[in-house]
Peer 1: 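Handing you a structure now.
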Number of protein chains: 4
Amino acid sequence: MTTPADAELDAPVVSKATGRPLTKRGEATRRRLLEAAEQVFAEQGYHEASIVKITERAGIGLGTFYLYFDSKQAVFEALVIDLNKRVRHSMSEAMIGAASRLEAERAGFAGFFRFTAAHPALYRVVREAEFVSPETLHLHYTRIVEGYEEGLRAAQQVGDVDRRLDPTVTAWALMGMGELIGMRFLLWERDADGVPPEELDAHVFDAMMRFIDNALAPRGGMEGPTDA
Amino acid sequence: MTTPADAELDAPVVSKATGRPLTKRGEATRRRLLEAAEQVFAEQGYHEASIVKITERAGIGLGTFYLYFDSKQAVFEALVIDLNKRVRHSMSEAMIGAASRLEAERAGFAGFFRFTAAHPALYRVVREAEFVSPETLHLHYTRIVEGYEEGLRAAQQVGDVDRRLDPTVTAWALMGMGELIGMRFLLWERDADGVPPEELDAHVFDAMMRFIDNALAPRGGMEGPTDA
Amino acid sequence: MTTPADAELDAPVVSKATGRPLTKRGEATRRRLLEAAEQVFAEQGYHEASIVKITERAGIGLGTFYLYFDSKQAVFEALVIDLNKRVRHSMSEAMIGAASRLEAERAGFAGFFRFTAAHPALYRVVREAEFVSPETLHLHYTRIVEGYEEGLRAAQQVGDVDRRLDPTVTAWALMGMGELIGMRFLLWERDADGVPPEELDAHVFDAMMRFIDNALAPRGGMEGPTDA
Amino acid sequence: MTTPADAELDAPVVSKATGRPLTKRGEATRRRLLEAAEQVFAEQGYHEASIVKITERAGIGLGTFYLYFDSKQAVFEALVIDLNKRVRHSMSEAMIGAASRLEAERAGFAGFFRFTAAHPALYRVVREAEFVSPETLHLHYTRIVEGYEEGLRAAQQVGDVDRRLDPTVTAWALMGMGELIGMRFLLWERDADGVPPEELDAHVFDAMMRFIDNALAPRGGMEGPTDA
DNA sequence: AATGAATGAGAATTCATTCAT
DNA sequence: GATGAATGAATTCTCATTCAT
C-alpha cells in the first residue's frame, strides 16, 4: 500500500489577505482553528457546529476565522483532507515490515481500525462528507483505495491473492467492510456503563479477518493459469 | 432472510388532533406528504430540504404538515422506516425460490442493488440518517442484518457456508460492501454524457460476487469438525 | 402634464409564499412595513437603516419582513416607486384648472416644491436611489420628465413657450433646478433655532420663477415662424 | 468667477504620528492613497468600497492607511475637497479670456461639463457626499456657487445679465441644471454598444445654452430701473 | 514609517414551528 | 381537517479599526 504523491497537498498554505507564505503566528492560528474544528465537528456534526463554536473553542476572535478559511464548508474540507493524510499514514505505518503482501493487507486494516478506534467521532466526520462535500469524500476514498489496489495487484503477482479477483472492486469492497464494521462495533458499541470501546473487539477483528482471508486467498489448484 | 415481526410498525397511524384512527382523507394526505418528503429529501438532502418545499410538492398547506408529523425529523424517520421495508421487500422478493442458500445470498444482494440502482438518491437518504437520526439508521441496518444472519446460519447448518465464519460480523461486512460498492459504482458512476447507470455494471457485480463466494464458500475438508 | 399609464404599477400585490392576491391582513402588514421603511430610510438613510429597525418601527416580527419583500433593496425600490406616484399626484393636482400652459408649469412646480417641503427627508430618499438602485431613479425621473415634456410641447404649439427650446433638455434642466433649489432652500435651510422651513421661502420661489419665465417665454418677434 | 480664498485648504498636511510636516516619502504615500481612493470610490461607490481595496490599489499596507487618514469617511471628504478644487480649476481655466460676462458663463459651464464628461464616475462620488458627509457637499456646492454669484453680479452691473434675477437663487438653479443634465446625458447615455459618450452631445449643450441665454439675457427695455 | 493579524459589532437572511381563522 | 401569516432564534459573513511588531 503506497501513498500517492501528495505533492500539491503539502504546498505551503497561503494567506488569503496578503500574497502568500503565512507567517509563523498565522500558521499557529490556522492550526488552532483546524483543531477546534475537528473537535466541534466531531462532537456536534457539521450542521450543529457553527463558526462561533469553532472560534470560541479555538480561543480566537470570530472574524479571524475568515482570515484562514473561506467558509464553514471550507474548513470542513480542509479537515477531511487532513484526516485523510493521517489515516493513510496510520495505515502505512502499520504495514511497515510485513512479511508477505497478505500480511501487509492485514496490517493495513489493523492500522485503519486503530485509527478509527482512536478517533471514532472523527471517522464520523469523514462519512458526513458525503452530504457536505461529496467531491472531498470521493477524493478521500479514492486515495485510500489506490493504495489498496496497488497492494492487491502486487500480491496477485506473487500468488498471494486470488488472481481472479478484480483489484478495484475488491478494494472498494474491503473499504466498505471496514467502514461498516467500524461503525457497528466501534461507534455504536457501548459496554454496560455506556463507555465506548477503545479498540475493536478481538473476536470481531478475527472474524473479519477470517472473512477477508477466505475472500482473498488463492483457491486451491484451479487458478494460476486459469485467468489471464 | 426472514423479516422480523414488524408488528408495531404496521399499527394504524393515528391522528394527532382528534383521538385516533385517521380518516380516509387523512390517510391520503399523509401518504402525499410522505411521498413529497421522499422526493425532496432525495433531491436536496435533509438540511437543504424544508417543510415548505415538502408541502408545496405535496400540494398541501404548510400548517397541515404538523397535523401528520411532529417535526421535520419525524417525517424523515418515518421515511427511512418506510424505505427499510421496501428494501427488505425487494431483497426477499429476489430470494424467493433460490435453489441453495448461497444462491439465495446472491439473489438477495442482487435485490439490494436493484433497489439502490432504482433509487440511488433514496439510498443516500438512508445513509444520511446517520447524522439526522442515528437510532433510526441503527434500526434500519439491524433489521437488514438480522435477515442476513439468519440466512447465513441456516446455510452454515447445511454446509453451504464456511462454518468458521461469524454470522453477525459477516452480515455487517457484507452490508458494508454492498453500501460502498453501491455508492462507488451506482451513485458516483456517470457515463460520458454524465448520465448515471440504470443498474450495477455486470462486471462489477460479478467481481463482487466472486469475492463473496470466495469468502463464504466452505474451505475444503479442514472445517466441519474444526469450529464450534 | 399627463401621467403615463401606470397600469402595471397598480396591479394587485401578490404574496411571495402562496399563489397570489394577498389577504386583507397581509395587505395591512405590507403597508405598515412600507410606512415604517419610509420613516427609517428618511431618518437614517439607506445604509444606516436596517431591516430590524424597520420591523421594529412597524411593530412586526423580523421574519415577517421577508414575507413581503425580498430584501432591503427591494423595499427601498418599492418605496421610491410609491413616492414617485405621490409626487406626480401632488404635481398634477396642483396643475388642475391652470389658465395657461405657462400657468400650469408654474403650478406644477409649486406642487413639486410643496411635496418636497412637506417631506424633505423623503426627497432625500429619492436622491439616494442614485446609489442604491440607479434604474429605479431613472424610472422616477423619466416619469416626471415625460409629464413635463408633454406640457412644454403643448405650450410651444400655442406659442406660450419659446419654440426654439428643446422640450426634453428643458424638462431635465427644470427638474435639476427644482432639485437643487429644494435641497438648498428646503433641506439645508434652518432658522435661528435650527428649525427647517415648512415651505419654500416666497422670495426664493419668486426668484426661481422669474428665471423660469425668462427661460421659457417666447422671445419677442424673432421666433414663431423661425423654428420648425 | 473667482475662487474664494482656499487658505486653510492649502495648509501643509501634517503627520498624525509625529509632530508635523510630513516627509517627502509620506507626502507620496498620501497622494497614492488619495488616488487609489479616487478610483475605488468612483468604481464602486462609498459603501462598496473598503479600506483594503484602497490600500491594495495603492500598493500599500492596510495599517498604513490610518497614518494618513482618520477614517474611511475622512479620505472620502479629502477626496471631495480635492475634486472641488479641480472642478473649479477646470471652470476658471475655461473662462479665461472670455469676451463678455455672458460669454464667460458659457465657458464656465463648458468647463464644468468638460470635467464631468471626463470623470463621470468621479462626479457621482461628489453627489454621493450628500449621504456620506453632507457638510462636505455643502462646502463643495457653496464654493462653486460663490464663484457663479460673483460672476452674475458683475454681469448684472454691466447690463449683460437681467438685473431682476437673484444671483444666489440663479446660481443654484444653474448648478442644478448642470448636475441633472450631466447625469442624464453623460452618466446615463450609452450608444448602441453600451459605450458612454466622451463629451456632452453638442445638440444637448446648445439646447441647454439657449435655455440659459434666455434666462439670463436682459429683457428688452423694461428692466434696469424696474427691480430693486 | 509601515505592516497585517486580530477583532467583534452588526447586518441580512432562513426556516421550523405555532396558532388564530 | 386545512390553512398560511407571523415569529425570532440562530447563522454566516463583512469590514472599519486597533496595535504589537
Side-chain angles (χ1 to χ4, degrees), chain A residues 15-19 22-26 28-30 47-55 60-73, chain B residues 15-18 22-23 25-26 28-29 47-55 60-74, chain C residues 15-19 22-26 28-30 47-55 60-73, chain D residues 15-18 22-23 25-26 28-29 47-55 60-74:
Chain A
S15 164
K16 276 175 47 192
T18 71
L22 209 59
T23 71
K24 176 148 293 177
R25 188 189 182 192
T29 306
R30 193 189 127 98
H47 287 95
E48 273 307 292
S50 76
I51 309 290
V52 211
K53 284 175 185 167
I54 293 174
T55 52
I60 268 175
L62 166 58
T64 309
F65 175 89
Y66 291 91
L67 254 33
Y68 298 93
F69 300 97
D70 281 324
S71 63
K72 186 181 171 182
Q73 166 140 349
Chain B
S15 163
K16 279 175 48 189
T18 73
L22 208 60
T23 72
R25 187 187 179 196
T29 306
H47 287 95
E48 275 306 292
S50 76
I51 307 293
V52 213
K53 283 176 187 164
I54 293 175
T55 53
I60 270 174
L62 165 57
T64 309
F65 175 89
Y66 289 89
L67 254 34
Y68 295 94
F69 298 96
D70 283 326
S71 63
K72 185 183 177 182
Q73 171 146 346
Chain C
S15 164
K16 275 176 49 191
T18 72
L22 208 59
T23 72
K24 176 148 294 178
R25 190 190 182 192
T29 307
R30 195 190 125 96
H47 287 93
E48 273 307 293
S50 77
I51 309 290
V52 213
K53 285 175 186 168
I54 293 175
T55 53
I60 269 177
L62 167 57
T64 308
F65 175 89
Y66 291 91
L67 254 34
Y68 298 93
F69 299 98
D70 281 325
S71 63
K72 186 181 171 181
Q73 168 142 349
Chain D
S15 164
K16 278 175 48 190
T18 73
L22 206 59
T23 72
R25 188 187 177 194
T29 306
H47 287 94
E48 275 305 294
S50 76
I51 306 294
V52 211
K53 283 176 187 164
I54 292 175
T55 52
I60 269 173
L62 165 58
T64 309
F65 174 90
Y66 289 89
L67 254 34
Y68 296 94
F69 298 97
D70 282 326
S71 64
K72 186 182 177 182
Q73 170 145 346

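Just so it is clear, the model here is predicted, and its values are computed rather than measured. Throughout, protein chains are lettered first and strands after them, A, B, ... in sequence-line order, and every chain is numbered starting at 1.
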Peer 1: For the side chain of Ser50(A), counting heavy atoms from C-beta on, which of dT18(E), dC13(F), dT12(F) is nearest?
Peer 2: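 Among dT18(E), dC13(F), dT12(F), the one nearest the side chain of Ser50(A) is dT12(F).
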
Peer 1: If every non-hydrogen atom of Glu48(A) is compared with every non-hydrogen atom of Lys53(A), which pair is closest and at what distance?
Peer 2: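 Nearest pair, atom of Glu48(A) first, then Lys53(A): O-NZ, 2.8 Å.
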
Peer 1: Counting only side-chain heavy atoms from C-beta out, which of dG1(F), dA9(F), dA12(E) sits nearest to Leu62(C)?
Peer 2: dA9(F)

Peer 1: So which one's nearest nucleotide on DNA chain E is more toward 5', Gly26(D) or Val52(C)?
Peer 2: Gly26(D)

Peer 1: So which atom in Gly26(D) and which in Thr23(D) form the shortest heavy-atom distance, rounded to 0.1 Å?
Peer 2: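 So the two residues come closest at N-OG1, 2.9 Å.
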
Peer 1: Between Phe65(C) (CZ) and dC15(E) (C1'), how many Å, whole number?
Peer 2: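 Computing the Phe65(C):CZ to dC15(E):C1' distance gives 17 Å.
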
Peer 1: Assess the residue pair Tyr66(C) and Ile51(C) against the criterion (side chain to side chain contact (heavy atoms under 4.5 Å, CB included)); give the C-alpha distance rounded to whole Å, side-chain angles, the decisive distance to 0.1 Å, and a yes or no.
Peer 2: CA-CA 10 Å; Tyr66(C) 291 91; Ile51(C) 309 290; 3.7 Å; yes

Peer 1: Shortest non-hydrogen contact from Tyr68(C) to Arg30(C)?
Peer 2: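 Reported closest heavy-atom pair: CD2-CB, 3.8 Å.
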
Peer 1: Heavy atoms only, 4.0 Å cut-off, all strands: where does Ala49(B) land among base, sugar-phosphate and nothing?
Peer 2: sugar-phosphate

Peer 1: Please give, in whole Å, the distance from dG10(E) P to His47(C) NE2?
Peer 2: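 It works out to 17 Å between those atoms.
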
Peer 1: Which nucleotide, dT17(F), dA11(E), dT12(F), lies nearest any side-chain atom of Lys72(D)?
Peer 2: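 Nearest listed nucleotide: dT17(F).
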
Peer 1: Just how far is it from atom CD1 of Ile54(A) to atom CZ of Phe69(A), taken to the nearest 0.5 Å?
Peer 2: 9.0 Å

Peer 1: Quick check: on DNA chain F, is the nucleotide nearest Asp70(A) upstream (toward 5') of the one nearest Thr29(C), or the reverse? Name the residue that is more 5'.
Peer 2: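 It is Thr29(C), whose closest nucleotide lies nearer the 5' terminus.
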
Peer 1: Starting at CD of Glu48(B) and ending at C1' of dT14(E), how long is that distance when rounded to a whole Å?
Peer 2: 11 Å

Peer 1: Between Thr64(A) (side chain only) and Ile60(A) (backbone N and O only), is there a donor and an acceptor less than 3.5 Å apart?
Peer 2: no

Peer 1: Is DNA chain E part of any stem, that is, at least 3 consecutive Watson-Crick or G-U pairs with both distances under 3.5 Å, and where?
Peer 2: E:2-21 with F:2-21

Peer 1: dA11(E), dC15(F), dT7(F): which one has an atom nearest the side-chain heavy atoms of Thr64(C)?
Peer 2: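 Of all the options, the side chain of Thr64(C) is nearest to dT7(F).
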
Peer 1: Using whole Å, what does the distance between atom P of nucleotide dT3(E) and atom CD1 of Ile54(D) come to?
Peer 2: 16 Å

Peer 1: Separation of Tyr66(D) atom OH from dT21(F) atom C1', in whole Å?
Peer 2: 19 Å

Peer 1: Send over the distance from Lys24(C) NZ to dT3(F) P, rounded to a whole Å.
Peer 2: 23 Å

Peer 1: When the nearest nucleotide of DNA chain F is assigned to Ile60(B) and to Gly63(A) on a heavy-atom basis, which residue is associated with the more 5' position?
Peer 2: Ile60(B)

Peer 1: Could you tell me which non-hydrogen atom of His47(C) sits nearest to which non-hydrogen atom of Lys72(C), and how far apart they are?
Peer 2: O-NZ, 3.8 Å

Peer 1: For Phe69(A) and dA6(E), give me the distance from atom CZ to atom P, rounded to whole Å.
Peer 2: 12 Å

Peer 1: Over how many whole Å does the gap from Arg25(B) atom CZ to dT3(F) atom P extend?
Peer 2: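 It is 8 Å, rounded to the nearest whole Å.
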
Peer 1: At less than 4.0 Å, is any side-chain N or O atom of Tyr68(B) found next to OP1 or OP2 of dA2(F)? Yes or no.
Peer 2: yes

Peer 1: Name the closest nucleotide to the Leu67(D) side chain, picking from dA1(E), dT7(F), dT13(E).
Peer 2: dA1(E)

